[in-house]
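Structure record follows, encoded as structure tokens.
Here, residue 1 is the first one in the sequence, and each next residue gets the next number.
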Amino acid sequence: MNILNHSSGGGALYFYLSSNYKIKKSFIYDINKELILCYNAIKNDPEDLINNLISFEESFLEKDDERRKELFLKVRKDFNQQLTDFNFDIYSNKHVKRASQTIFLNKTCFNGLFRLNKKGEFNVPMGRYKNPKICNSDNIRNVSKVLRNTTIFNETFIGSEELISEKSLVYLDPPYRPLNKTSSFTNYSENEFNDQQQKELAEYFHRITNIGAYGILSNSDPKNEDVNDNFFDDLYEDFKIERVKAKRFINSNAKKRGEINEIIVRNY
């Protein structure tokens, strides 16, 4: 069976299957160039990445709160300034350095968010952690081993269609459709994923079903906010739709944190 995984959220399923089953071929597709850069750095140069992260960790932990914030802002500024001329297409040791910055920012920022503005700049403030684990050496080495036999693409889901055949397993975890106007968080990259893209994804889901592939898709459940919102029920009326409980820890209103419904769509 071939596995095609789309998105960062699909990583959990990818690593579970790759660790527990013999997979002939596996592919990862994601439009987020920073995520793909990190995957490639972990795959190709795990030891160099570990050394960079250990340096970050030692430097950060020895500082008081004020100096920690200075380091965080310096790394974030350097990370954002590189965007003007950074070459994401040709892999080099610069990719390892940038991956270490991404992981450092992720481990020390507020709630571990990965959020980019319209310019593609990381704009999350620093979090408050006493002893954040910035470098998990064992995890990086284990992930690197799993990724060795995986082909990684910085492309949209459309690009994967030519690789799909009968009995391929395709997991799709797109930017979730916002439940309301204030909860919109579809831009973990600078690329918008709106209702039109959701519809195009549904058409893709129909096409891979016709090929004979096994398709799984996850998304938000609009009925959490409006029981009459049938957006996904209409898009995927030909398939099995399950509503499952998922925990949410990020919300401006603390009372709205906790369990919420999500949908799982399957064509089998």
dist N80:CG -> N117:CG (nearest 0.5 Å) comes out at 7.0 Å
Decide if atom CD of E62 counts as having more than 12 heavy atoms of other residues, nucleotides or ligands within a radius under 6.0 Å.
-> yes
Is there side-chain contact between F232 and D221, with at least one heavy-atom pair below 4.5 Å?
-> no
N267 side chain to A213 main-chain N or O, any donor-acceptor pair under 3.5 Å?
-> yes
Would D234 and K199 pass as an ion pair if we require N to O under 4.0 Å?
-> no
So do D173 and Y176 actually touch side chain to side chain, heavy atoms under 4.5 Å?
-> yes
What residues form a ring-ring contact (aromatic ring centres under 6.0 Å, His included) with Y268, not counting sequence neighbours?
-> Y214
Would you please name every residue forming a side-chain hydrogen bond (donor to acceptor under 3.5 Å, both in side chains) with Q197, sequence neighbours left out?
-> N194
Assess whether atom NZ of K43 is packed by more than 12 heavy atoms of other residues, nucleotides or ligands within 6.0 Å.
-> yes
May I ask you to decide if K74's main-chain N or O and D78's side chain share a donor-acceptor pair within less than 3.5 Å?
-> no
Stepwise, does the side chain to side chain contact (heavy atoms under 4.5 Å, CB included) test hold for L147 with I28?
-> CA-CA 10 Å; L147 289 173; I28 292 175; 4.0 Å; yes
Contacts of F153 meeting ring-ring contact (aromatic ring centres under 6.0 Å, His included) (sequence neighbours excluded), chain-then-number -> Y29
Specify the closest pair of heavy atoms between G10 and Y171, including all atoms of both residues, with the distance to one decimal.
-> CA-CE2, 3.4 Å
N230 versus E237, side-chain donor and acceptor atoms under 3.5 Å = no
Apply ring-ring contact (aromatic ring centres under 6.0 Å, His included) to F72 and list each qualifying residue two or more places apart in sequence or on a separate chain.
-> none
When rounded to the nearest 0.5 angstrom, what distance separates CG in L17 from CD1 in I23?
-> 6.0 Å
Electrostatic pair D229-K223, nearest N-O below 4.0 angstrom | no
Indicate the atoms forming the closest heavy-atom contact of P174 with N219, along with that distance.
-> CG-ND2, 3.6 Å
Minimum heavy-atom separation for M126 to T108, with atom names?
-> CG-O, 3.4 Å
Does D45 have any side-chain hydrogen bond (donor to acceptor under 3.5 Å, both in side chains) partners at least two apart in sequence or in another chain, and if so, which?
-> Y91
Hey, does the side chain of H206 reach the backbone of L201 with a donor-acceptor pair shorter than 3.5 angstrom?
-> no
With T150 via side-chain hydrogen bond (donor to acceptor under 3.5 Å, both in side chains) - residues at least two apart = Y14, S26
Is E57 reaching over with its side chain to a backbone N or O of I134, donor-acceptor style, under 3.5 angstrom?
-> yes
Do the side-chain N and O atoms of K25 and N149 include a donor-acceptor pair separated by under 3.5 angstrom?
-> no
Side chain to side chain donor-acceptor pair (under 3.5 Å) pairs, two or more places apart, involving residues 124-145 | E47-R141
d(L13 CG, S218 OG) to nearest 0.5 Å is 9.5 Å
Can you tell me if CD on Q196 sees more than 12 non-hydrogen neighbours from other groups inside 6.0 Å?
-> yes
In terms of hydrophobic clusters joined by side-chain contacts under 4.5 Å, are L83 and L35 together?
-> no
Does R98 make a cation-pi contact with F79, if we ask for NZ or CZ under 6.0 Å from the ring centre and within 45° of the axis?
-> yes
Mind checking what makes ring-ring contact (aromatic ring centres under 6.0 Å, His included) contact with F88, not counting sequence neighbours?
-> F86
Compare every heavy atom of L116 with every heavy atom of G120, then report the nearest pair and how far apart it is.
-> O-CD2, 3.7 Å
Who passes salt bridge (Lys or Arg N to Asp or Glu O under 4.0 Å) against E200, sequence neighbours left out?
-> none
Which ring pair (Phe, Tyr, Trp, His ring centres under 6.0 Å) pairs, counting each pair once, include a residue from residues 45-71, with sequence neighbours left out?
-> F56-F104, F60-F104
Rounded to the nearest 0.5 Å, the CD atom of E34 sits from the CG atom of N154 at a distance of 9.5 Å
Describe, in one word, how the ring planes of F157 and F193 are oriented to each other, choosing from parallel (under 30°), tilted (30 to 60°) and perpendicular (over 60°).
-> perpendicular
Sub-3.5 Å donor-acceptor pair from the side chain of H95 to the main-chain atoms of I90, do we have one?
-> yes
4.5 Å side-chain heavy-atom contact, I164 and Y204 = yes
Do R115 and N123 have a side chain donor and acceptor closer than 3.5 Å?
-> yes
Does any non-hydrogen side-chain atom of N52 lie less than 4.5 Å from one of V96?
-> yes
Compare all side-chain heavy atoms of V75 with those of L105 and state whether any distance is below 4.5 angstrom.
-> yes
For S220 and I263, which heavy atoms make the closest approach, and how far apart are they?
-> O-CG1, 3.7 Å
Please name the pair of heavy atoms, one in S100 and one in K97, separated by the smallest distance, quoted to 0.1 Å.
-> OG-O, 2.5 Å
Could you go step by step and tell me if T209 and F239 meet the side chain to side chain contact (heavy atoms under 4.5 Å, CB included) rule?
-> CA-CA 10 Å; T209 298; F239 306 106; 3.5 Å; yes
Find out whether L49 and C135 are in side-chain contact, i.e. whether some heavy atom of one side chain is under 4.5 Å from a heavy atom of the other.
-> no
Does the pair K94 and Q82 meet the rule for a side chain to side chain contact (heavy atoms under 4.5 Å, CB included), with working shown?
-> CA-CA 10 Å; K94 292 181 180 180; Q82 291 177 39; over 6 Å; no
Starting at CD of E225, measure out to CG of N261 and round the result to the nearest 0.5 Å.
-> 11.5 Å
Are L37 and F27 co-members of a hydrophobic cluster defined by side-chain heavy atoms under 4.5 Å apart?
-> no
May I ask you to test the I264-I216 pair for a side-chain heavy-atom distance under 4.5 Å?
-> yes
Check for a donor-acceptor pair, side chain of K63 on one end and backbone N or O of S59 on the other, with a separation under 3.5 Å.
-> yes
CD1/I211 to CD/E166 distance, rounded to the nearest 0.5 angstrom?
-> 10.0 Å
Applying side-chain hydrogen bond (donor to acceptor under 3.5 Å, both in side chains), name anything that partners D48, two or more places apart in sequence or on another chain.
-> none
With N93 via side chain to side chain contact (heavy atoms under 4.5 Å, CB included) - residues at least two apart | none
With side chains defined as the heavy atoms from C-beta onward, is the minimum distance between L71 and R67 less than 4.5 Å?
-> no
